[in-house]
**Student:** 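Structure below; questions to follow.
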Amino acid sequence: MICAIKHSAIAPVINGSDNTFRRKNLPGPKRSLFLPSITAEKNPKPVVSVSKPLHVSSVEYLAISKPLKKSLITCKAFEADRSQPIGSSEVKSEAARRVKIGIYFATWWALNVVFNIYNKKVLNAFPYPWLTSTLSLACGSLMMLISWATRMTEAPKTDLDFWKTLLPVAVAHTIGHVAATVSMSKVAVSFTHIIKSGEPAFSVLVSRFLLGETFPLGVYLSLVPIIGGCALAAVTELNFNMTGFMGAMISNLAFVFRNIFSKKGMKGKSVSGMNYYACLSILSLLLLTPFAIAVEGPQMWAAGWQTAISQIGPNFVWWVAAQSVFYHLYNQVSYMSLDEISPLTFSIGNTMKRISVIVSSIIIFHTPVQPVNALGAAIAILGTFLYSQAKQ
């Protein structure tokens, strides 16, 4: 398929890629508008070897004052299923991008596993999820403010409209964060994440009935194993707690609205993923602090802190610091990943992340799991994977 032909005079030059053909004794100045035939020399060496058909991208004829003994034909081509010319630099940049995404994913999963472990340790010794959630946001906000002040990271350029569009996102993020922490304070980490794997079902239902969006049949069918698996896991959970179950369900719903508000409100905004999450943390901290004080309060925190220190010792302080730091880091990396990958790839990565968290928490905390409970978890996660594929 020839995209463009420019005609002038003598030497034909086919511009497009990195492949060069040389040919001797080309005739005079007049040329056809069609591609000149390239005669094969004796013992020709293959110049182009590809597994997919190549398409010429452009042809140009350049006027040259004196005839050339040899004329140079440079041919640029691209594969049939590509819209850009093939180039070694492009191949290298694509390979580098894949390595970068792989590093993001591995870091994201590892940080999330570490956060969940320390978060559960803190909640077992200090059952005050509202303060724990507040400390997580405060730590991340402080880290980013320091990085902006020291110019380690370029501060985002924001205006009043930016913060207005961010406000509903921050409200939903705050509710989802606190609800998930409340859930993990009452039930096993694995159970919380099994229920949270049902988030796609909430996403489809909210988008369908509140926003009027329609989805392919495969998306609706994928909800059957998601809902069925979560229900089976909940029924067979040995340490079932209604508060923990409802916390995970509320977290699912809140994060669905967070994603909807974020998609609608941040169109056209030029804030990087890292700075976007930093601004989200700061605004969420301002929203959460007064509610945390009202629900639990300094007196309860002081008593609980003394109890935790007496039981655990100085290590408890490090647990609190670790869960706060790793919470911010894993969320920051996940938002940075969104700058590099599609929502579909992110959804698949999120599913795999839950598997790593569930398995690691069961091993570390020696969580008793019945075979039927494990089957329910596997069905729910499989449904989540099928959902991400069907929505492609």
Side-chain angles (χ1 to χ4, degrees), residues 106-147 152 174 176-194 196 238-239 241 243-244 247-248 251 277-278 281-282 284-285 288-289 291-293 295-334 353-369:
T107 307
W108 176 22
W109 297 343
L111 292 173
N112 190 260
V113 168
V114 175
F115 158 71
N116 278 277
I117 292 171
Y118 279 107
N119 190 46
K120 184 60 177 176
K121 285 186 173 184
V122 170
L123 291 171
N124 285 341
F126 184 75
Y128 296 97
W130 287 78
L131 177 61
T132 304
S133 302
T134 305
L135 292 176
S136 301
L137 295 174
C139 180
S141 301
L142 180 62
M143 289 169 61
M144 289 309 300
L145 289 173
I146 293 174
S147 67
M152 293 177 59
T174 304
H177 175 41
V178 173
T181 309
V182 169
S183 175
M184 281 191 280
S185 70
K186 299 295 184 181
V187 295
V189 175
S190 56
F191 180 71
T192 297
H193 280 272
I194 290 171
K196 283 180 67 63
L238 295 176
N239 298 314
N241 180 279
T243 302
S251 178
Y277 180 70
S281 294
I282 293 171
S284 295
L285 175 63
L288 177 58
T289 301
F291 287 96
I293 295 173
V295 174
E296 293 174 346
Q299 292 183 349
M300 296 178 64
W301 296 339
W305 188 271
Q306 292 296 328
T307 303
I309 291 294
S310 63
Q311 293 178 350
I312 307 299
N315 285 338
F316 175 73
V317 178
W318 292 108
W319 291 359
V320 173
Q323 73 92 26
S324 301
V325 170
F326 283 109
Y327 173 80
H328 175 78
L329 292 178
Y330 102 76
N331 276 287
Q332 188 179 78
V333 172
S334 71
K353 177 206 73 176
R354 295 206 187 283
I355 295 175
S356 62
V357 172
I358 290 171
V359 173
S360 61
S361 64
I362 289 174
I363 294 174
I364 292 174
F365 293 108
H366 305 288
T367 307
V369 179

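Please read these numbers as outputs of a predicted model, since none were measured by experiment.
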**Student:** Determine the minimum heavy-atom distance between Thr192 and Met184, stating which atoms define it.
**Tutor:** OG1-CG, 3.6 Å

**Student:** I need the Ser136 OG to Phe326 CZ distance, nearest 0.5 Å.
**Tutor:** 12.5 Å

**Student:** Could you check whether the rings of His328 and Tyr277 sit parallel, tilted or perpendicular, using 30° and 60° as the cut-offs?
**Tutor:** tilted

**Student:** Is it the case that atom CZ in Phe291 sees more than 12 heavy atoms from other parts of the structure closer than 6.0 Å?
**Tutor:**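 No, because the 6.0 Å sphere around CZ of Phe291 holds 12 heavy atoms or fewer from other groups.
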
**Student:** Side chain to side chain contact (heavy atoms under 4.5 Å, CB included) between Lys196 and Ser251: does it pass, once the steps are laid out?
**Tutor:** CA-CA 8 Å; Lys196 283 180 67 63; Ser251 178; 2.8 Å; yes

**Student:** Any donor-acceptor pair under 3.5 Å linking the side chain of Ser284 with the backbone of Ser281?
**Tutor:** no

**Student:** Report yes if the distance between the aromatic ring centroids of Trp305 and Phe316 is under 6.0 Å, otherwise no.
**Tutor:** yes

**Student:** What is the distance from atom CG of Leu285 to atom OG1 of Thr134, rounded to the nearest 0.5 Å?
**Tutor:**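 It is 7.0 Å, given to the nearest 0.5 Å.
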
**Student:** Is it the case that Lys121 places NZ or CZ above or below the six-membered ring of Trp319, under 6.0 angstrom from the centre and within 45 degrees of the axis?
**Tutor:** yes

**Student:** Is the shortest side-chain heavy-atom distance between Val325 and Tyr330 below 4.5 Å?
**Tutor:** no

**Student:** How many angstroms lie between atom CH2 of Trp109 and atom NZ of Lys353, to the nearest 0.5 angstrom?
**Tutor:** 11.0 Å

**Student:** Are side-chain heavy atoms of Leu288 and Trp130 found at a separation under 4.5 Å?
**Tutor:**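 Yes, close enough: below the 4.5 Å cut-off.
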
**Student:** Quick check: are there more than 12 heavy atoms from other residues, nucleotides or ligands sitting under 6.0 Å from OH of Tyr118?
**Tutor:**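 Counting neighbours around OH of Tyr118, 12 or fewer heavy atoms of other residues, nucleotides or ligands fall under 6.0 Å, so no.
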
**Student:** Which heavy atom of Leu123 sits nearest to which heavy atom of Pro129, and what is that distance?
**Tutor:**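 For Leu123 versus Pro129, the nearest heavy atoms are CD2-CA, 4.0 Å.
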
**Student:** Using every non-hydrogen atom in the two residues, find where Ile362 and Ser190 come nearest and quote the distance to one decimal.
**Tutor:** CG1-CB, 3.8 Å

**Student:** Using the six-membered ring wherever Trp is involved, compare the ring planes of Tyr327 and His177 and label them parallel, tilted or perpendicular (cut-offs 30° and 60°).
**Tutor:** parallel

**Student:** Supply the atom-to-atom distance Leu142 CG to Leu137 CG, rounded to the nearest 0.5 angstrom.
**Tutor:**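 One gets 12.5 Å once the value is rounded to the nearest 0.5 Å.
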
